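First up is the structure itself, then whatever we jot down about it.
No experiment lies behind these values; they were computed from the predicted model shown. So that the names make sense, note that chain A is the first sequence line, chain B the second, and so on, each numbered from 1. The basis for the numbers below is simple: all heavy atoms, side chains too, and nothing from hydrogens, waters or symmetry mates.
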2 protein chains.
Amino acid sequence: MNENEKTTENKILEASNTVFIRKGYSGASMQEIADEAGINKALLHYYFRSKEKLFRAGFSNVFSKFVPAVTEMILSDKSFAEKMDLFVDNYIDTLHENPLIPLFVLQELNRDPDNLFALMKSSGMQPQLLIKVILEEMEKGNIPKGDPRHFFINLLGLCIFPYAARPLMQRIFFDNDQEAYDAFLLERKMVIKNLIHKMIDQK
Amino acid sequence: MNENEKTTENKILEASNTVFIRKGYSGASMQEIADEAGINKALLHYYFRSKEKLFRAGFSNVFSKFVPAVTEMILSDKSFAEKMDLFVDNYIDTLHENPLIPLFVLQELNRDPDNLFALMKSSGMQPQLLIKVILEEMEKGNIPKGDPRHFFINLLGLCIFPYAARPLMQRIFFDNDQEAYDAFLLERKMVIKNLIHKMIDQK
DNA sequence: GTCTATATGGCGATAGAC
DNA sequence: GTCTATCGCCATATAGAC
């Protein structure tokens with residue numbers, strides 16, 4: 001499907017995601033979204049009545065991109081260590097293709113947490129499943145016992161932070177060299193997997 | 001100094017930080033800041049000419065809160081492991097007292113990275129110093145060799161992420177129980193220190 | 001469905017009285 | 001220094017022609 005075959009609705013949704021992610025909710029304007037979509041401002045309201053409704057329509061789509069990495073990992077019948085490797089690889093790849101999403105999610109998460117939480121549930125994400133898997137592994141003695149929530153939040157922080165803080169980190173540590181930072185981000189797959197292995201290693 | 005003895009300028013700065021941190025730059029309005037400060041909108045412009053200038057005046061102050069944790073650590077003559085412990089304890093304490101700052105910084109970092117970078121330098125932060133310390137320890141053979149930037153960004157991600165993503169994490173994993181999440185955040189001091197020790201442990 | 005034109009309101013910023 | 005009143009602009013949203 002090329003550019004001309006896209007429905008107007010799809011063009012709007014793509015454009016709105018681009019702009020909302022770039023500028024945040026308050027920073028984005030309907031005019032800018034219309035320009036990005038190559039249509040008129042009034043048409044946005046024809047399709048999505050209000051800015052808020054347009055935002056929500058696009059947002060669920062964005063959020064759901066990160067669901068497959070988790071579910072694929074949980075459903076696989078590999079060992080726990082291999083599941084973690086799979087998760088990190090998938091998650092970083094998805095982040096790398098959608099590098100602006102973390103900041104976008106963090107912003108929205110502050111603006112309207114209830115909305116975000118609702119979207120997360122409707123997107124089919126089930127973090128409790130992962131917690132359950134971790135607890136089972138602890139029971140089986142495969143990994144050290146502890147609060148699985150620390151484990152999971154460690155994992156997320158290690159993966160997400162370098163993307164959310166990219167503009168600053170790239171300037172501080174890489175002379176604002178974009179390619180060098182991209183390479184660094186991909187290196188992190190190995191770094192994080194090694195660290196996870198140390199976390200689940202029994203001494 | 002009680003509420004009445006504060007200068008108007010100070011009241012404005014406090015109010016602007018509160019509102020900017022709560023709503024982000026675009027989301028905050030001069031009217032809301034004036035209300036928060038208990039003064040008139042025009043007075044904001046009398047003291048700080050523009051919204052942008054008001055923002056910058058308050059921001060440098062906020063950012064500088066995180067500098068002491070780093071410098072104190074670097075200047076101490078303790079072992080590397082102890083330095084890391086010191087850093088984590090100080091950093092998490094500061095985050096805990098200013099829990100909204102991470103998100104605020106991340107937002108601003110996307111809106112105007114150059115401004116943020118300039119402020120960071122003028123606040124006296126010298127991340128290169130930490131990199132240098134880590135490299136020296138690697139040379140001495142005290143910690144495993146590797147890219148010190150991964151080490152540092154791991155550290156930051158582990159500390160900062162749970163604060164930046166708090167509204168979501170608290171809902172997902174703690175039934176939105178604020179006290180439970182606060183306790184969890186403070187537990188992380190130990191969790192992160194243990195993890196750091198595993199990172200610097202030579203097998 | 002898509003456009004131009006416009007209504008309506010809030011925004012940042014300023015003028016000027018006190 | 002502090003206020004009220006207001007300017008000019010741009011935001012979201014709507015009306016109505018085609």
*asked:* Any donor-acceptor pair under 3.5 Å linking the side-chain atoms of A:Thr94 with those of A:Glu97?
replied: no
_Nearest whole Å is fine: how far is C:dT14 P from B:Tyr46 OH?_
14 Å
*Starting at NZ of A:Lys41 and ending at P of C:dC3, how long is that distance when rounded to a whole Å?*
13 Å
_Side chain of B:Lys51 (C-beta onward), nearest among C:dA13, D:dC3, D:dA11_ = C:dA13
*Please report, rounded to the nearest Å, how far the P atom of C:dT4 is from the CG atom of A:Leu44.*
13 Å
*Using only side-chain N and O atoms of B:Thr8, determine if any of them is under 4.0 Å from OP1 or OP2 of D:dG1.*
no
*Using only heavy-atom distances, determine whether the side chains of A:Asp35 and A:Gln31 contain a donor-acceptor pair under 3.5 Å.*
yes
*Among the nucleotides C:dA5, D:dA13, C:dG12, which one has an atom lying closest to any side-chain atom of A:Ala42?*
C:dA5
_For C:dT14 and B:His45 - does any side-chain N or O of the residue sit under 4.0 Å from the phosphate oxygens OP1/OP2?_
no
*Determine the sole option in B:Lys189, B:Lys78, B:His197 for which the side-chain hydrogen bond (donor to acceptor under 3.5 Å, both in side chains) test with B:Asp85 is passed.*
B:His197
*Any idea which heavy atoms bring A:Leu109 and B:Leu168 closest together, and the distance?*
CD1-CB, 3.6 Å
*Rounded to whole angstroms, how far apart are CG on A:Leu54 and P on D:dT14?*
14 Å
*When the distance from CG of A:Asn40 to C1' of D:dA11 is rounded to whole Å, what number comes out?*
15 Å
*asked:* Considering every strand and a 4.0 Å limit on heavy-atom distances, what is the contact class for B:Ala34: base, sugar-phosphate, or nothing?
replied: nothing
*Which whole-number value in Å describes the distance from B:Met30 CE to D:dC10 C1'?*
17 Å
*Mind calculating the distance between OH (B:Tyr47) and P (D:dG1) to the nearest angstrom?*
5 Å
*Tell me: CD1 of A:Ile33 to P of D:dT12, nearest whole Å?*
8 Å
